[in-house]
There are 2 protein chains.
Amino acid sequence: MITSTVENYLKRIYLEQQTDPAALVPMGKLAAVMQVVPGTATAMVKTLADSGLLEYEPRGGIRLTPGGEQLALHVLRRHRIIELFLVETLGLDWSEVHEEAETLEHAVSDKVLERMDRLLKHPRFDPHGDPIPPAKGRMPTDTLIPLTSLQPGQRADIARVSDQDPAFLQFIDRSGLTPGTTIQLQAHDPQADAYVLKILPKGRVSLGSTAACKILVREA
Amino acid sequence: MITSTVENYLKRIYLEQQTDPAALVPMGKLAAVMQVVPGTATAMVKTLADSGLLEYEPRGGIRLTPGGEQLALHVLRRHRIIELFLVETLGLDWSEVHEEAETLEHAVSDKVLERMDRLLKHPRFDPHGDPIPPAKGRMPTDTLIPLTSLQPGQRADIARVSDQDPAFLQFIDRSGLTPGTTIQLQAHDPQADAYVLKILPKGRVSLGSTAACKILVREA
DNA sequence: CATTCTTTTTTGAGTAATCAAACAGTTATT
DNA sequence: AATAACTGTTTGATTACTCAAAAAAGAATG
């Protein structure tokens with residue numbers, strides 16, 4: 001039985017995997033992101049391994065099997081389509097839809113999901129700029145770099161904001177740094193830890209590295 | 001903690017209560033509609049009674065407390081708004097939305113629900129003609145009678161179809177007997193167990209009592 | 001290399017929901 | 001009234017998920 005707990009574990013493991021595709025996901029990391037004690041993660045991982053959804057190296061870490069990854073991508077697809085649907089169709093604020101989608105992603109059927117997808121005209125990105133896994137086929141790979149990697153003077157388009165904290169997302173909104181915006185790095189002062197951006201066509205904002213590295217851009 | 005299991009019990013108890021508001025709901029009936037063995041119903045009812053959601057007379061039956069009823073109505077409101085939303089906004093067929101709503105009613109937040117309600121312009125009835133409990137205030141009482149109580153020659157408007165079986169709902173659709181339709185009972189032959197209806201402006205159909213009593217009408 | 005620290009696993013226990021089957025009341029029937 | 005039939009309750013087990021705390025394995029450090 002694929003419970004919503006299992007779906008959440010798979011989704012979280014997939015996302016951790018993406019941060020370093022070569023390495024195994026350590027148990028401690030999994031327990032931390034799932035907000036459970038380590039023993040709980042160990043127990044769950046054993047049953048997921050028995051179901052063939054992941055490979056488990058005791059004291060080494062875990063990695064999803066192709067089957068587990070497919071399931072994780074399906075959950076992620078649901079999550080992201082729902083986020084976009086909540087923003088586009090129901091008019092919720094993009095800062096609050098992540099939490100809502102965390103619950104709904106386990107409740108919408110494939111039929112309802114595909115209706116949402118159709119209504120949204122088969123979108124490729126969610127409101128945060130995260131790519132929506134297609135119903136079938138590979139996940140599109142897209143080379144994004146953090147704002148912190150730009151050279152002064154360089155232009156780029158904001159592609160993704162990788163933080164789900166509503167307060168941060170509201171700040172991004174207020175500052176006019178939502179995905180799709182074109183910016184130019186005007187200056188980077190390492191001593192001040194300040195990235196000064198020009199927002200095109202008009203506007204200017206200064207960010208510290210903590211905020212700047214959450215903003216992923218596509219070089220112009 | 002109000003789990004979705006608890007929500008389902010309360011909803012089902014409320015609906016059973018409505019069939020005979022004076023009587024207590026017997027345990028056997030509850031177990032049957034919840035599709036659990038009687039012992040499970042007894043166990044659950046005890047914990048619901050301890051939470052103050054219902055009154056339990058051992059070997060007598062149960063009745064929701066005002067608190068339990070309020071919660072049940074909240075679940076029913078979610079269920080029915082979701083059903084209408086699925087039909088109106090996502091274009092699902094009314095015969096299939098009941099099942100979908102059974103899951104979603106436990107997953108949509110109040111915020112999302114009120115957005116749906118607003119988008120649907122604060123509807124008063126779901127696709128089956130069942131009244132949507134208001135966010136606050138009493139449930140509107142509306143005196144409907146089954147088609148079987150009409151006198152030959154009498155006109156009435158179909159108000160509600162009280163069966164969630166997709167096959168039956170599809171038949172209703174095909175026959176043109178959806179809520180809102182005006183009909184006239186042309187003849188009732190008790191021997192043949194046949195109710196012959198004229199569908200206005202045009203059409204004619206004959207129903208047996210099993211089907212006819214599931215169709216509730218408002219006298220014209 | 002022996003000790004300490006960190007990470008992970010194991011063990012034991014608890015909660016929510018369920019079933020099977022034994023048991024106990026109630027009502028009905030002879 | 002005795003027995004049968006029905007309805008409801010109790011008991012004991014199971015599954016999925018969780019925590020707390022003890023134990024073990026590895027890594028780091030003096």
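To find a chain, count down the sequence lines: A is the first, B the second, and so on, and within it residues start at 1.
- Distance A:Q35 CD to D:dT18 P: 11 Å, rounded to the nearest Å.
- As a whole-Å value, the separation of A:L53 CG from D:dA16 C1' is 15 Å.
- Distance A:M34 CE to C:dT8 P: 16 Å, rounded to the nearest Å.
- Applying the salt bridge (Lys or Arg N to Asp or Glu O under 4.0 Å) test to B:K11 and every residue at least two apart in sequence or in another chain returns B:E102, B:E105.
- Atoms CD1 (A:I2) and P (D:dA16) sit 11 Å apart, rounded to a whole Å.
- Between the CG atom of A:L48 and the P atom of D:dA16 there is a distance of 12 Å, given to the nearest Å.
- Heavy-atom minimum distance, A:A72 versus A:Y14: CB-CB, 3.6 Å.
- Residues satisfying the side-chain contact (heavy atoms from CB on, under 4.5 Å) criterion with A:V37, sequence neighbours excluded, are A:T40.
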For residues 41-48 of chain A, which side-chain donor-acceptor pairs fall under 3.5 Å, sequence neighbours excluded?
{"from": "A:T42", "atom 1": "OG1", "to": "A:P38", "atom 2": "O", "distance (Å)": "3.2"}
{"from": "A:T47", "atom 1": "OG1", "to": "A:M44", "atom 2": "O", "distance (Å)": "3.1"}

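- Note on residues 84-93 of chain B: pairs passing side-chain hydrogen bond (donor to acceptor under 3.5 Å, both in side chains), not counting sequence neighbours, are B:D93-B:S95.
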Query raised in the report: Can you give one letter per nucleotide of nucleotides 10-16 of chain C, 5' to 3': B if a protein heavy atom sits under 4.0 Å from the base, S if only from the sugar-phosphate, - if neither?
Result: B-----S
Strictly under 3.5 Å: I want the nitrogen or oxygen pairs between protein and nucleotides 22-28 of chain C, one per line.
none

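- Qualifying side-chain contact (heavy atoms from CB on, under 4.5 Å) partners for B:S149, counting only residues two or more places apart in sequence or in other chains: B:I145, B:P146.
- Remark: B:P26, B:M27, B:G28 in residues 13-33 of chain B come within less than 4.0 Å of DNA chain D through at least one heavy atom.
- For A:E219, the side chain to side chain donor-acceptor pair (under 3.5 Å) partners two or more places apart in sequence, or in a different chain, are A:Q154.
- Per the geometry, CG belonging to A:L10 stands 11 Å off P belonging to D:dC17, to the nearest Å.
- Annotation: of the two residues near DNA chain D, B:E57 and A:V37, the 5′-most nearest-nucleotide partner is B:E57.
- Under the rule for a side-chain contact (heavy atoms from CB on, under 4.5 Å), the partners of B:D130 that lie at least two apart in sequence or sit in another chain are B:R80, B:D126, B:H128, B:R160, B:Q164.
- Scanning all heavy atoms of the two residues, the minimum distance from A:L185 to A:V196 falls at CD1-O, 3.5 Å.
- Note on residues 131-145 of chain A: pairs passing side-chain hydrogen bond (donor to acceptor under 3.5 Å, both in side chains), not counting sequence neighbours, are A:D142-A:R218.
- Applying the ring-ring contact (aromatic ring centres under 6.0 Å, His included) rule to B:H74 yields no partners; only residues at least two apart in sequence or on another chain are considered.
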